[in-house]
Asks: 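There's a structure below that I have some questions on.
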2 protein chains.
Amino acid sequence: MTTDMRVLAVEDDPRIAKDLHAALSAAGFRVEHSRDGEEAWFLGDTEEFDLVVLDLGLPALDGLAVLKRWRANGRTMPVLVLTARGTWQERVEGIEAGADDYLPKPFRMEELVARARALVRRAGGHAAALQEAGDLSLDTNRMGVALRGVPVQVTALEYRLLAYLMQHRDRPVPPTELLEHLYGDDDAREANALEAVIARLRRKLGPGVIGTRRGFGYYLEGA
Amino acid sequence: MTTDMRVLAVEDDPRIAKDLHAALSAAGFRVEHSRDGEEAWFLGDTEEFDLVVLDLGLPALDGLAVLKRWRANGRTMPVLVLTARGTWQERVEGIEAGADDYLPKPFRMEELVARARALVRRAGGHAAALQEAGDLSLDTNRMGVALRGVPVQVTALEYRLLAYLMQHRDRPVPPTELLEHLYGDDDAREANALEAVIARLRRKLGPGVIGTRRGFGYYLEGA
DNA sequence: GGCAAGCTGACAGCAAGCTGACAATTCGGG
DNA sequence: CCCGAATTGTCAGCTTGCTGTCAGCTTGCC
C-alpha cells in the first residue's frame, strides 16, 4: 500500500490554518491539523509524519516546548517553524531546539510550500507525493496517474482535471468551476468540452472512478 | 567540534567578511574566502566544500547566478544564502535556485553559525560526483558525459541541460522551466531554441535517453 | 411525456514538438 | 586583431496526437 506524504500543521489562527491546509494539500500533502500544543505533541509523538509545520504561539503548550519534547523522545521528523516574533534569539533558540527550518510571519504560501518540499526531499529521500482516492492515485511530483497501482497514461489537460477533483475530493465540483479552472473564464468554450474530457478519462479509467451527481458536479469515487 | 569542515564564504563587504571568518573559524570550520562571483563560482565548481555561505549582492557575477550554475553543473553541497533584499519572491527564487537555507541581513553571527552547523549535520557526507540515469552517466567533476560507459562529447549548454534533467530526474521538467534555467528569463529567446538543443542531444545520444511527455516536459528515461 | 443535464463516437483543426538548413555568435589560436 | 571552427539561435516546414465541436443519444426528474 502506497503512502501519502503526511504533514502535521500546528496553527491556532483559523484563517492561517485554512490557507495552510489549502496550499499544502494542493502541493500533494495529506494534511492533519491541530490547533493546540498538547494535542499537537500527542499526535506528533504517536503517529508518523513526513513533516511538521509548527507555529510557535500556541495555547496550552508553547510550540518550542512541544518541539523540544519531541526531540527529547527521539522523534526526528523535519520540523518547519513559523513565528511572528522575529528576533534572532528566537530563531537560534528554535534551531537549537531541533527545528530544521524557520519562516517568519508574514510569509507567502508559495514560499512555505517551496520550503516544505525542500525539507521533505532532504529528509525522507525521494519519497513520492501521492494522493489517493479509491483505486486512483496521483503522483503530483511525477505528474503520473495510477489505477490500483497500474500506471495509466493521461494527457496534461486530463491530469489537471484529475488533480483538481483530487484536491476537492470532499465535495462534488460543479462543471462551471471546472471549466473556469481548466481554461480561463475569459476564454469561452462550449460547455461540452468538459464533458468530452470526462468521457475520455472514463474510457481510460473504467467505471467507478469519476462519479457524477446530476446538478451538483463531478467527484472521485471512494474518497 | 574537531572535524575538519571546509566552508566557502562568498562576501564582498570586507567588514562582514571579516566577521564571517572570525565566527566560522571559531566554530571549528576551515574558511576559504572569496569576494567576487566569478572566483567563487570557479572555486565552488572545482573544489570540494562541506558548506557554502553565499551573499547575493556580488560584483562580477550575481550570487543567484553562481548558485544556479553550480546546481546546473550538478554540484550538490549545501548552500546558505545571505541577502539584504528581503522580499518573498527573492527567497522563493533562492530556494528554487537550489539554496538549502536562507538568512536575511542583518543577522547575528550566532544565528549564522547555528544554521551552518545544522546544514552540515543534515548534509552528512560529501555528494557523489557520478550521477546516473538509465544508460546515461554524468561526471559532475570533469563535466563529462558517458553512454553505457562510452564517453560522449557534448557542449557546455548541452551539459547544463543534461545536468538539470539529471538533478530533477524524478519528474518531467516543463520547457518553461528549462528555458529559465538555461538562460535567464530576462534574456528572451524563441521557445524553439530549447527544442533545437534537445534535437542535437538526441542525435548524439540516440533514442531512449531523453524522453518527452507532451504537455508535461522532458525527462531522462530509465530513472 | 417532455425537458434538461449529461454521455459518446467521429472528426477536423490546431498546437506542441521535431528536424534540417542556415545565419549569427562565440572562442581559441596564431 | 583576425581567421576559421565550433557552438548556438532562428526559421520554415513537417509530424503527431491532443482537444473542441458537433450530432445524436441516454438518463434522471418533474
Side-chain angles (χ1 to χ4, degrees), chain A residues 143-145 152-165 172-221, chain B residues 38 42 69 72-73 143-145 151-165 172-221:
Chain A
M143 311 278 226
V145 176
V152 177
Q153 201 155 15
V154 299
T155 71
L157 186 69
E158 289 165 354
Y159 179 83
R160 289 205 293 142
L161 171 39
L162 284 179
Y164 195 82
L165 289 183
V173 181
T176 51
E177 186 179 337
L178 277 172
L179 280 168
E180 184 181 333
H181 176 252
L182 291 182
Y183 323 103
D185 43 1
D186 44 270
D187 197 352
R189 244 103 174 171
E190 295 291 322
N192 200 321
L194 175 61
E195 292 163 17
V197 181
I198 293 276
R200 280 189 282 257
L201 262 174
R202 288 213 249 244
R203 200 178 313 162
K204 289 181 183 177
L205 300 174
V209 179
I210 302 179
T212 307
R213 277 184 60 192
R214 182 173 269 248
F216 293 93
Y218 300 97
Y219 61 96
L220 294 181
E221 296 192 24
Chain B
E38 284 285 6
F42 179 75
R69 279 169 64 179
N73 283 6
M143 304 213 343
V145 176
V152 177
Q153 197 156 10
V154 299
T155 71
L157 185 69
E158 289 165 354
Y159 179 83
R160 291 206 291 142
L161 172 41
L162 284 179
Y164 195 82
L165 289 183
V173 181
T176 52
E177 185 179 336
L178 276 172
L179 280 169
E180 185 180 332
H181 273 262
L182 289 183
Y183 324 104
D185 43 0
D186 44 88
D187 198 352
R189 245 98 173 174
E190 294 293 321
N192 202 324
L194 175 62
E195 291 162 19
V197 181
I198 293 276
R200 281 190 277 257
L201 262 174
R202 288 213 250 243
R203 203 175 310 160
K204 289 182 183 177
L205 300 173
V209 179
I210 301 179
T212 306
R213 277 182 65 196
R214 183 175 273 244
F216 292 99
Y218 298 98
Y219 62 96
L220 293 181
E221 295 192 25

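Letters A, B, ... mirror the listed sequences (proteins, then strands); counts begin at 1.
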Asks: Of R200(A), Q153(A), K204(A), which meets side chain to side chain donor-acceptor pair (under 3.5 Å) against E158(A)?
Replies: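 Checked R200(A), Q153(A), K204(A) against E158(A); only one passes side chain to side chain donor-acceptor pair (under 3.5 Å): K204(A).
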
Asks: If I take atom OH in residue Y159(A) and atom P in nucleotide dC18(D), what distance separates them, rounded to the nearest angstrom?
Replies: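 Going from Y159(A) (OH) to dC18(D) (P), I get 17 Å.
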
Asks: Would you tell me if any nitrogen or oxygen in the side chain of T212(A) comes within less than 4.0 Å of OP1 or OP2 on dA5(C)?
Replies: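 No, outside the criterion.
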
Asks: Just how far, in rounded Å, is C1' of dC18(D) from CD1 of I198(A)?
Replies: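 Rounding to the nearest Å, CD1 of I198(A) and C1' of dC18(D) are 16 Å apart.
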
Asks: Give, for atom NE2 of H181(A) and atom CG of L165(A), the distance between the pair rounded to the nearest 0.5 Å.
Replies: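 Rounded to the nearest 0.5 Å, the NE2-CG separation comes to 10.0 Å.
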
Asks: Kindly say if Y183(B) contacts the phosphate of dT8(D), meaning a side-chain N or O under 4.0 Å from OP1 or OP2.
Replies: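 Result: no.
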
Asks: Using the side-chain heavy atoms of A196(B), tell me which of these nucleotides is nearest: dC7(C), dG17(C), dT10(D).
Replies: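 Of all the options, the side chain of A196(B) is nearest to dT10(D).
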
Asks: Could you state the atom-to-atom distance from CG of L201(B) to P of dT7(D) in whole Å?
Replies: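 Rounded to the whole Å, the gap is 12 Å.
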
Asks: State the CD-OH distance between E180(A) and Y164(A), to the nearest 0.5 angstrom.
Replies: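 That separation rounds to 8.0 Å.
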
Asks: Run the side-chain donor-acceptor check on residues 207-219 of chain A: report pairs under 3.5 Å with partners two or more places apart or on a different chain.
Replies:
unit_1	atom_1	unit_2	atom_2	d
T212(A)	OG1	R202(A)	NH1	3.4
T212(A)	OG1	R202(A)	NH2	3.2

Asks: So if I take every side-chain heavy atom of N192(A) and compare against dG9(D), dT21(D), dT8(D), which nucleotide ends up nearest?
Replies: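 Nucleotide nearest to N192(A)'s side chain: dT21(D).
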
Asks: Does T155(B) place a side-chain N or O at less than 4.0 Å from the phosphate oxygens OP1/OP2 of dT8(D)?
Replies: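 Answer is yes, contact under 4.0 Å.
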
Asks: So which one's nearest nucleotide on DNA chain C is more toward 5', A199(A) or R214(A)?
Replies: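 Its nearest nucleotide lies further toward 5', so the answer is R214(A).
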
Asks: Roughly how bent is the helix from dG1(C)-dC30(D) to dG30(C)-dC1(D) end to end, in steps of 10 degrees, with each end axis from five pairs?
Replies: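 Computed from the C1' atoms at both ends, the axes differ by 40°.
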
Asks: Heavy atoms, side chains only, cut-off 4.5 Å: are I198(A) and L161(A) in contact?
Replies: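 In short, these two side chains touch, coming nearer than 4.5 Å.
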
Asks: When we call it a touch if two heavy atoms are under 4.0 Å apart, what does L157(A) touch: a base, just sugar-phosphate, or nothing?
Replies: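 Counting heavy atoms under 4.0 Å across all strands, the contact made by L157(A) is with sugar-phosphate only.
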
Asks: Is there, by distance only and without an angle test, a donor paired with an acceptor across the side chain of R200(B) and the base of dG9(D) below 3.5 Å?
Replies: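 Check passes, donor-acceptor contact within cut-off.
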
Asks: Expressed in angstrom and rounded to an integer, what is the separation of E158(B) atom CD from dA6(D) atom P?
Replies: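 Those two atoms, CD and P, are 14 Å apart.
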
Asks: Which part of the nucleic acid does E195(A) contact within heavy-atom distance under 4.0 Å: base, sugar-phosphate only, or nothing?
Replies: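 Base: the residue E195(A), judged by heavy atoms under 4.0 Å, touches a nucleobase.
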
Asks: Could you give me the CA-CA distance, side-chain angles and deciding distance for V197(B) and T155(B), then say whether side-chain contact (heavy atoms from CB on, under 4.5 Å) is met?
Replies: CA-CA 10 Å; V197(B) 181; T155(B) 71; over 6 Å; no

Asks: Under 4.0 Å between a side-chain N/O of Y218(B) and OP1 or OP2 of dA16(C), yes or no?
Replies: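 Y218(B) to dA16(C) OP1/OP2: no side-chain N or O under 4.0 Å.
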
Asks: dG20(D), dC11(D), dC7(C): which one has an atom nearest the side-chain heavy atoms of E190(B)?
Replies: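 From the listed options, dC11(D) comes nearest.
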
Asks: Using whole Å, report how far CG of L179(B) lies from P of dA16(C).
Replies: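 These atoms are roughly 13 Å apart.
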
Asks: Nearest-Å distance, CG (L194(B)) to P (dT8(D))?
Replies: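 Value for this atom pair: 13 Å.
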
Asks: Measure the CG-CG distance between L220(A) and L205(A) for me, rounded to the nearest 0.5 Å.
Replies: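 So the gap between those two atoms works out to 9.5 Å.
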
Asks: Give the rounded distance in Å between these two atoms: NZ of K204(A) and P of dT19(D).
Replies: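 My rounded result for the distance is 8 Å.
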
Asks: Distance check needed: dT19(C) C1' versus I210(B) CD1, whole Å only.
Replies: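 I210(B) atom CD1 is separated from dT19(C) atom C1' by 15 Å.
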
Asks: State the CG-CG distance between L162(A) and L201(A), to the nearest 0.5 angstrom.
Replies: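 Result: 5.0 Å between the selected atoms.
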
Asks: Considering heavy-atom distances to DNA chain C, does R203(A) or G215(A) have its closest nucleotide positioned more toward the 5' end?
Replies: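 Here G215(A) is the residue nearer the 5' end.
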
